[in-house]
Amino acid sequence: MPVSENDGAHDDTYEIEVTSFGEEISLEAGKCELITREEVESSKRIYRVVKRTEDVVLSLLALIVLCIPMLVVAFIVWVTSPGASPIFKQERVGKNGETFKLWKFRSMIPNAESKLNELMDQNEMDGPVFKIKKDPRITPVGSFIRKTSIDELPQLVNILRGDMSIVGPRPALPREVEQYGDFERQRLLVRPGLTCYWQTHHSRNEVSFEEWMKLDAKYVREYSFTEDWKLIFRTFAVIFNKEGE
């Protein structure tokens, strides 16, 4: 069933914890209209230009600094997953519904995609998202690079190319977007990001799909340099604490 804004997801007001720093964000449901593409494109133009400049400069610097460590990780993944590329490319949905190839270090066995249907009944997430904590498809090396978020580093290339931004809603799979309603589609009005409110939650897989979408909608409405840099610093805390999943 499609996930719609009329499924009782926006009739209450509540708070959820979004960081391990004790900060909470109040999510008020049912009290605001859907934001439109025209509203997003006509607002904060200077911010968007400067943000894109930051994305290019920071991602390029990061790729230069991390070039050797990333080559080492790629070699380790290649050795431990013979016959498969150390870089895993997957189609994701970006800004305004345009698709692109997202890059990650391979953290699963080579035929992981073909085994997904066998595991669907074990899904621990609600909505159209699939996640299980002890996914048997994840390799030992993959488990480590996921916990430390090292597997996400190749997305610096996606940021440099303009597919993604450093901060923004995480890019969804096409099969997930197919089940979106109008409320969920608001997250597609901005470039997807490497990090976001959900990504920095200390127990993000316990956040419901409904709450996740409300956090993304909040970001689309209220994004700013201050929020972006808060999320960037929180992301480093998540990485150092090995809170990735």
Problem set entry | Residues, nucleotides or ligands: over 12 heavy atoms within 6.0 Å of W78 CH2 | no

Exercise. Any Lys/Arg nitrogen of R37 or E41 sitting under 4.0 Å from an Asp/Glu carboxylate oxygen of the other?
Worked result: no

Exercise. Please walk me through it: do V40 and T36 pass side chain to side chain contact (heavy atoms under 4.5 Å, CB included)?
Worked result: CA-CA 6 Å; V40 172; T36 65; over 6 Å; no

Exercise. Between W212 and F209, how do the two ring planes meet: parallel, tilted or perpendicular, split at 30° and 60°?
Worked result: perpendicular

Exercise. Hey, mind stepping through C196 and L215 against side chain to side chain contact (heavy atoms under 4.5 Å, CB included) and telling me if it holds?
Worked result: CA-CA 9 Å; C196 59; L215 286 170; over 6 Å; no

Exercise. Less than 4.0 Å between a side-chain N and a carboxylate O, is that true for E54 and K51?
Worked result: no

Exercise. Where do L173 and E91 come nearest, in terms of heavy atoms and distance?
Worked result: CD2-O, 3.7 Å

Problem set entry | I138 versus S143, closest heavy-atom pair with distance | CG2-N, 3.4 Å

Exercise. Do Y219 and R187 meet the criterion of a side-chain donor-acceptor pair at a distance under 3.5 Å?
Worked result: no

Problem set entry | Where S165 and D55 come nearest, the two heavy atoms and their spacing | OG-OD2, 2.6 Å

Exercise. What do the steps show when you test R48 against R191 for side chain to side chain contact (heavy atoms under 4.5 Å, CB included), and what is the final call?
Worked result: CA-CA 10 Å; R48 292 202 306 276; R191 279 194 183 95; over 6 Å; no

For this session: Applying side chain to side chain contact (heavy atoms under 4.5 Å, CB included), run through Q186 and D216 and close with a yes or a no.
Result: CA-CA 8 Å; Q186 290 180 108; D216 285 345; over 6 Å; no

Problem set entry | Side-chain donor-acceptor pair present, S107, D151, cut-off under 3.5 Å | no

Exercise. Do E211 and S208 have side-chain N/O donor and acceptor atoms under 3.5 Å apart?
Worked result: yes

Problem set entry | Contact summary for V129 and E176, nearest pair of heavy atoms | CA-OE2, 3.9 Å

For this session: Scan for ring pair (Phe, Tyr, Trp, His ring centres under 6.0 Å) pairs involving residues 40-74, sequence neighbours excluded, and state none if there are none.
Result: Y47-Y223, Y47-F225

Exercise. Looking at R170 and E152, does any basic side-chain N land under 4.0 Å from a carboxylate oxygen?
Worked result: yes

For this session: Locate the shortest heavy-atom distance separating K104 from L102; write the atom from each residue and the value.
Result: CG-CD2, 3.2 Å

Exercise. L66, F236: one ILVMFWY side-chain cluster at the under-4.5 Å cut-off?
Worked result: yes

Exercise. Given side chains that start at C-beta, do those of F105 and R146 come closer than 4.5 Å, heavy atoms only?
Worked result: no

